Amino acid sequence: MRTLRKYLLVAETSISSNMMYAANFLAGTFFFALIIFVFLQLWNAISLNSGSMEGYTVNRMVWYYIAAELVVLSKSDVFRSMNEEIRGGGIAYKLNKPYSFIAYQFSDGMGQTAVRLCANLPVGILVGFLYVGRLEGFVWESLPAVILSVLFGILLNFFMDAFIGMTAFWTEDNSAFYWIAQKLSFVLGLLLPLEFLPGVIRQIAVYLPFSYIAYAPARLLTSFSKETLTSILPVQVLYTALFAALTAWMYMKGVKKLNVNGG
Amino acid sequence: MSTEAEGRRNIICTHLKLIALYFKYNLQAAMEYRASFIAQSIGMFLNDTFFIFFWWVIFSKVSSLGGYGFKDVMLIWALAASTFGFLHIVFGNVRQLSRIIMNGELDTYLLQPKNVFINVHCSRMDFSAWGDFIYGYVLFFIVCGLNPLKLLLFTLFVIAGGLLTGAVMASADTLTFYIGNSSAITRIVTEFLLNFSLYPDSIFGREVKWIMYSLLPAGFIVFIPFKLLSAFSWYGLLGLMAVDTAYICLAWLFFKKGLKRYESGNLITTKL
């Protein structure tokens, strides 16, 4: 119980420090609304003649982007934070403290995510209603599954970023890995639903973790069915557990070869 | 009169030399950490290539998007990538100005006998921007082939567009002199410029186009250059250069006025 309280305090501190930067927040939510607006214009132009594409009307596409971007734009800066700690040597001050480095990063990151999620969610719902109205075919029964999927999307994103951040123990500069992983998750489910991808790439994408970050919750929101739920959620949970384990393993390996100079 | 003109020419030459020297020393600094520099550049290059896939999928579903074909969109991306790349290579402090003003770090630049506006912007290089810059040129060669005249025009547009983008971003940062930390406004301005430079302008309505050709001139950064590359006209080129010059001069005057409000924090810093 005391251990839990310790990490809750870290999350609480993270929430209050993030709340201090109201202007940054507003910039973030503005970007969210802006990107949805750009995609609305883009899909209006694409679907001008056909009305819908791959089963997605403009209405469903906009709500798809809202759910997908909500996950991606609410993520924490764990990659940057871990990178700075490991490469800058700041980790040395964390190692002798009575907490786990990963659990500390997790609590801090979740605090950040909570603030961003709370700011982005109402903006997302508002722009959705303003741009295209109520989501076509929305069923209230899908909501618990969508919420769960959004949470697992955020967790998976966190552990993937943390996993890449851990490579700072071995490499001089790991930002390239981060950019590439980020763009893979963009093209495999964020910018385009998997249904739009060519056959072979779509089949490969289903087995990769990237589409379970943004595509999974967005797909559940826009095309909910029990089959979709059973094919998506367990894989999301599995990948989240896998990347959490990989992050812990990388940390154990990496911290042994840590060499910090100076004081 | 001729002495005045000569003096002005000397100032321009001195500052061009300053930019060249900063570029040289920043590049030498990058070469000290060669592996990191190359990794960042290649990483950014690969990062950009993923978007080709996105557009390829889109254009496999539709033949044209608001009058733009796949090659046209690639040329827009080439212009945008090289323009933003050029800006962050030569004027790497463009996203840092607000922080520099807030932290009172302008003191170092004020003590030097060079124009503060230019000096502060070009004293840093963003190494990953090389990836964007090269990516734009590679895309250009794929779309336009080896066409020396178009290459010359493309380079001119990249430089002019980079300066124009920098002028707009610097103006947003200059607001820090008046309202305190304006980095959030700069972020919004940057995102707007970037996002509205990457999608065909024909997909946007009239109101957005007004903004794109006035307050946040993404139209002059990418779309007018794109139209001139497709159908060149001297009037168009001269008009574009006049607009770019006007924005740059306004940004410089705005900064100069704002600088009078600067309050030093007496922070002792070392600039290497």
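All chains are named by letter (A, B, ...) in the order of the sequence lines, taking the proteins before the strands, and each is independently numbered beginning at 1. This one's a predicted model, so the numbers in the text were calculated from it and none came from an experiment.
At least one side-chain heavy atom of B/Phe53 sits less than 4.5 Å from a side-chain heavy atom of A/Leu197. In this structure the side chain of A/Val38 never reaches within 4.5 angstrom of the side chain of B/Phe192, judged on heavy atoms. A 4.5 Å side-chain heavy-atom check between B/Trp56 and A/Pro198 finds at least one atom pair inside the cut-off.
Within 6.0 Å of the CD atom in B/Gln28, the count of heavy atoms belonging to other residues, nucleotides or ligands exceeds 12. Residue B/Lys61 places its NZ atom among more than 12 non-hydrogen atoms of other residues, nucleotides or ligands, all under 6.0 Å distant. The environment of CH2 in B/Trp210 is sparse: at most 12 heavy-atom neighbours from other residues, nucleotides or ligands sit within 6.0 Å. B/Tyr33 OH: 12 or fewer foreign heavy atoms inside a 6.0 Å radius.
Nearest heavy atom pair, residue B/Ile188 against residue A/Phe30, reads CG2-CE2, 3.0 Å. The two residues A/Ala176 and B/Ala39 make their nearest non-hydrogen contact at CB-O, 3.6 Å. When all heavy atoms are compared, the tightest approach of A/Phe196 to B/Val57 is O-CG1, 3.3 Å.
Interatomic distance, CD of A/Gln41 versus OG of B/Ser202, reported as 11.0 Å (0.5 Å rounding). Annotation: the span from B/Asn195 atom CG to A/Phe39 atom CZ amounts to 8.0 Å, rounded to 0.5 Å.
Within the structure, salt bridge (charged side-chain N to carboxylate O under 4.0 Å, His left out) contacts touching residues 67-78 of chain A (residues at least two apart or in different chains) are A/Lys75-A/Asp161, A/Asp77-A/Arg80, A/Asp77-A/Arg116. Sorted pairs that involve residues 169-191 of chain B and meet salt bridge (charged side-chain N to carboxylate O under 4.0 Å, His left out), not counting sequence neighbours, are lacking altogether.
For residues 40-52 of chain B, the interface with chain A (any heavy-atom pair closer than 4.5 Å) comprises B/Gln40, B/Gly43, B/Met44, B/Leu46, B/Asn47, B/Phe50, B/Phe51, sorted by residue number. Within residues 180-191 of chain A, the residues that have a heavy atom under 4.5 Å from a heavy atom of chain B are A/Ile180, A/Lys183, A/Leu184, A/Phe186, A/Val187, A/Leu191, listed by number.
Only the side chain of A/Phe37 comes within contact range of chain B, judged by heavy atoms closer than 4.5 Å. Contacts between A/Ile35 and chain B at a heavy-atom distance below 4.5 Å involve the side chain alone, from C-beta outward.
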Query - side chain to side chain contact (heavy atoms under 4.5 Å, CB included) evaluation trace for A/Ile46 with B/Ile203 - result: CA-CA 9 Å; A/Ile46 291 172; B/Ile203 67 170; over 6 Å; no
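Each of B/Phe37, B/Phe204, B/Phe54 has some count of heavy-atom pairs under 4.5 Å with chain A, and the biggest count is that of B/Phe54.
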